[in-house]
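Below you'll find the structure, written out as structure tokens, and then a few comments.
As the structure is a prediction and not an experimental result, all values here were calculated from the model.
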Protein chains: 2
Amino acid sequence: MYICPMYSSELIKGTLKTIVLKLLSETKQMYGYEITQKVKAVTESKIVITEGALYPLLHQLEAEGVVTTETVNVGKRIRKYYTLTQTGNEKAKEKLYEFAEFINTMNILLDLKPNMKYV
Amino acid sequence: MYICPMYSSELIKGTLKTIVLKLLSETKQMYGYEITQKVKAVTESKIVITEGALYPLLHQLEAEGVVTTETVNVGKRIRKYYTLTQTGNEKAKEKLYEFAEFINTMNILLDLKPNMKYV
DNA sequence: GCATATACATAATAAACTTATGTATATTTG
DNA sequence: CAAATATACATAAGTTTATTATGTATATGC
């Protein structure tokens, strides 16, 4: 059957925050570019995060106290590492739970069956 | 555990077209208000479609040749019934398949397990 | 009779993303 | 070794898509 090269952005919209918070809750410290590459790798380029979407979100999360940052020099370049705060950890759990529930509701509404590969 | 009263609109964004096409592929003929009520009922108000989102989408689908319409008088009020065209049926299948694949990808990315209730 | 429900429609606004642009260093490859 | 690609940040302009508000009108329940 036909394999999507990449999901329509309309479908991905709104999941970015959930993805970022989940990755940060697993890996503790990540920098922006690393997040884009990890998502691309894990999803086999089916979900690609653009910089124009990611950086403003990370700045927003910092302003909200969800993450703290640490800037590190790597050679002559800089990296800005992001770490979840305590609030951020709770927020991550909430967003993940909400997404899982959302999928369950959509499965019912669209009459889909869960994929057995991960059972 | 805490049950969402309603999913964040940010999460629902982008799924509207998939929902509408799926419902129309099941029920053949539906009118706008009926779609809003069906979604509300099936999702126990966890997904609520607003008129300001639905009607412009239905008009767009009609303009694209995805649906045809038939206006019916019910008493002194009107109902505008929507029916999928052949193109619409294919579009519905595509969108459903894409959504199912998207969920699989998100399950991997977010390390979620499918809900066993529907197995 | 008044509130709520049914049933359509659209305009103004807001949110969130895409695309484009900008800066700069590091590495790979022909 | 020059050019292309990759790494790494940032932001502005424009688009899309939804929310909120408004508008019209009939039907029903209390």
Side-chain angles (χ1 to χ4, degrees), chain A residues 5-21 23 29-41 45-64 66-67 69-82 95 99 102, chain B residues 5-21 23 29-41 45-64 66-67 69-82 95 99 102:
Chain A
M6 180 161 148
Y7 303 122
S8 61
S9 69
E10 126 203 328
L11 199 58
I12 300 174
K13 270 175 211 263
T15 60
L16 179 58
K17 196 187 279 187
T18 305
I19 292 171
V20 168
L21 292 179
L23 293 185
Q29 274 207 328
M30 292 184 90
Y31 55 99
Y33 186 74
E34 187 184 9
I35 292 174
T36 66
Q37 296 309 298
K38 174 124 188 187
V39 171
K40 196 176 171 185
S45 296
K46 281 180 271 186
I47 296 176
V48 173
I49 293 179
T50 62
E51 295 167 301
L54 180 63
Y55 290 120
L57 172 65
L58 288 172
H59 301 161
Q60 184 203 309
L61 291 176
E62 188 180 10
E64 289 170 4
V66 173
V67 294
T69 62
E70 194 187 339
T71 301
V72 173
N73 291 300
V74 179
K76 282 180 181 173
R77 277 198 308 228
I78 58 153
R79 272 184 200 164
K80 206 164 160 186
Y81 279 94
Y82 291 84
K95 287 304 260 177
F99 188 78
F102 173 67
Chain B
M6 180 160 147
Y7 304 121
S8 60
S9 70
E10 124 205 328
L11 198 59
I12 300 173
K13 271 176 211 262
T15 60
L16 178 58
K17 195 187 279 188
T18 305
I19 292 170
V20 169
L21 292 178
L23 293 185
Q29 273 207 329
M30 292 184 90
Y31 54 99
Y33 187 74
E34 188 184 8
I35 292 174
T36 67
Q37 296 310 298
K38 174 124 188 187
V39 171
K40 196 176 171 185
S45 295
K46 282 180 272 187
I47 296 176
V48 173
I49 292 179
T50 61
E51 293 167 303
L54 180 63
Y55 290 119
L57 172 65
L58 289 172
H59 300 161
Q60 183 203 310
L61 291 175
E62 188 179 9
E64 289 169 4
V66 173
V67 295
T69 63
E70 194 187 339
T71 302
V72 173
N73 291 299
V74 179
K76 283 181 180 171
R77 276 197 309 229
I78 58 151
R79 272 183 198 164
K80 205 163 161 186
Y81 279 94
Y82 290 84
K95 287 303 262 176
F99 187 79
F102 173 68

**Q.** Verdict with reasoning, B/Thr15 to A/Phe102, per side-chain contact (heavy atoms from CB on, under 4.5 Å)
**A.** CA-CA 11 Å; B/Thr15 60; A/Phe102 173 67; 3.9 Å; yes
Q | Rounded distance [0.5 Å steps], NE2 in B/His59 versus CG in B/Leu54 | A | 8.5 Å
(Q) Rounded to whole Å, how long is the line connecting atom CG of B/Asn73 with atom P of C/dA7? (A) 13 Å
Q | Nucleotide nearest A/Arg79 (side chain, heavy atoms from C-beta), chosen from C/dA7, D/dA8, C/dT18 | A | D/dA8
Q | Candidates D/dT7, D/dT11, D/dT19 - which lies nearest the side chain of A/His59 | A | D/dT11
Q. Is there a donor N/O on one and an acceptor N/O on the other, under 3.5 Å, for the side chain of B/Glu51 and the base of C/dC8?
A. yes
Q.
For DNA chain C, please output the secondary structure as dot-bracket, reading 5' to 3'. Pairs are Watson-Crick or G-U wobble, both atom distances under 3.5 Å; mark crossing pairs with [ ], other-strand partners with |, unpaired with a dot.
A. ||||||||||||||||||||||||||||||
Q: Can you see which heavy atom on B/Val48 is nearest to which on B/Lys40, and at what distance?
A: CG2-CG, 4.3 Å
Q: Identify whether any heavy atom of A/Leu57 sits under 4.0 Å from a base atom; if not, whether one sits that close to sugar-phosphate; answer base, sugar-phosphate or nothing.
A: nothing
Q: With the side chain of A/Lys76 defined as its heavy atoms from C-beta on, choose the nearest nucleotide among C/dT10, D/dT20, C/dA26.
A: C/dA26
(Q) Rounded to whole Å, how long is the line connecting atom CD1 of A/Ile49 with atom P of D/dC9? (A) 13 Å
Q.
Tell me the interatomic distance from A/Lys80, atom NZ, to D/dA8, atom P, rounded to whole angstroms.
A. 15 Å
Q: Whole angstrom is fine here: how far is it from CD1 in A/Ile35 over to C1' in D/dA8?
A: 13 Å
Q.
When you measure from the side-chain N and O atoms of A/Lys17 to the phosphate of C/dA16, is any distance below 4.0 Å, counting only OP1 and OP2?
A. no
Q) Where the side chain of B/Lys13 is defined as all heavy atoms beyond and including C-beta, which of D/dT11, D/dA18, C/dT6 is the nearest nucleotide? A) D/dA18
Q | Test item: A/Val20 and A/Leu58 side chains (from C-beta on) under 4.5 Å apart, heavy atoms | A | yes
Q: Starting from P on C/dA16, measure out to CD1 on B/Ile12 and report it in whole angstrom.
A: 13 Å
Q.
So, does A/Tyr31 get its side chain near the phosphate of D/dA8, meaning an N or O under 4.0 Å from OP1 or OP2?
A. yes
Q. So which nucleotide from C/dT18, D/dT7, C/dC8 ends up closest to the side chain of A/Gln37?
A. D/dT7
**Q.** Spacing between A/Met6 atom CE and C/dT18 atom C1', to the nearest angstrom
**A.** 10 Å
Q. Which heavy-atom pair separates B/Lys95 from A/Ser8 by the least distance, and what is that distance?
A. NZ-OG, 3.8 Å
Q | A/Lys40 NZ - D/dT7 P separation (whole Å) | A | 8 Å
(Q) Which nucleotide wins on minimum distance to the side chain of A/Arg77, given the candidates D/dA6, D/dA10, C/dC8? (A) D/dA6
Q.
Quick check: closest heavy atoms across A/Lys17 and A/Leu57, and the distance to 0.1 Å?
A. CA-CD2, 3.9 Å
Q: For the pair B/Leu61 and B/Leu21, evaluate side-chain contact (heavy atoms from CB on, under 4.5 Å) and give the outcome as yes or no after the intermediate values.
A: CA-CA 10 Å; B/Leu61 291 175; B/Leu21 292 178; 4.3 Å; yes
Q) Under 4.0 angstrom, heavy atoms only, what part of the nucleic acid is B/Gly32 near: base, sugar-phosphate, or nothing? A) sugar-phosphate
Q) Of the nucleotides C/dC8, C/dT18, C/dA24, which one has an atom closest to the side chain of A/Thr50? A) C/dT18
Q. Would you say D/dC9 has OP1 or OP2 under 4.0 Å from some side-chain N or O of A/Tyr55?
A. yes
Q.
Less than 4.5 Å apart, side chain to side chain, heavy atoms only: is that true for A/Glu34 and A/Arg79?
A. no
Q. Want to settle it: does A/Val74 or A/Gly52 sit nearer the 5' end of DNA chain D, counting the closest nucleotide to each?
A. A/Val74
Q: Grab the CG-P distance between A/Leu54 and D/dA10 for me, whole Å please.
A: 9 Å
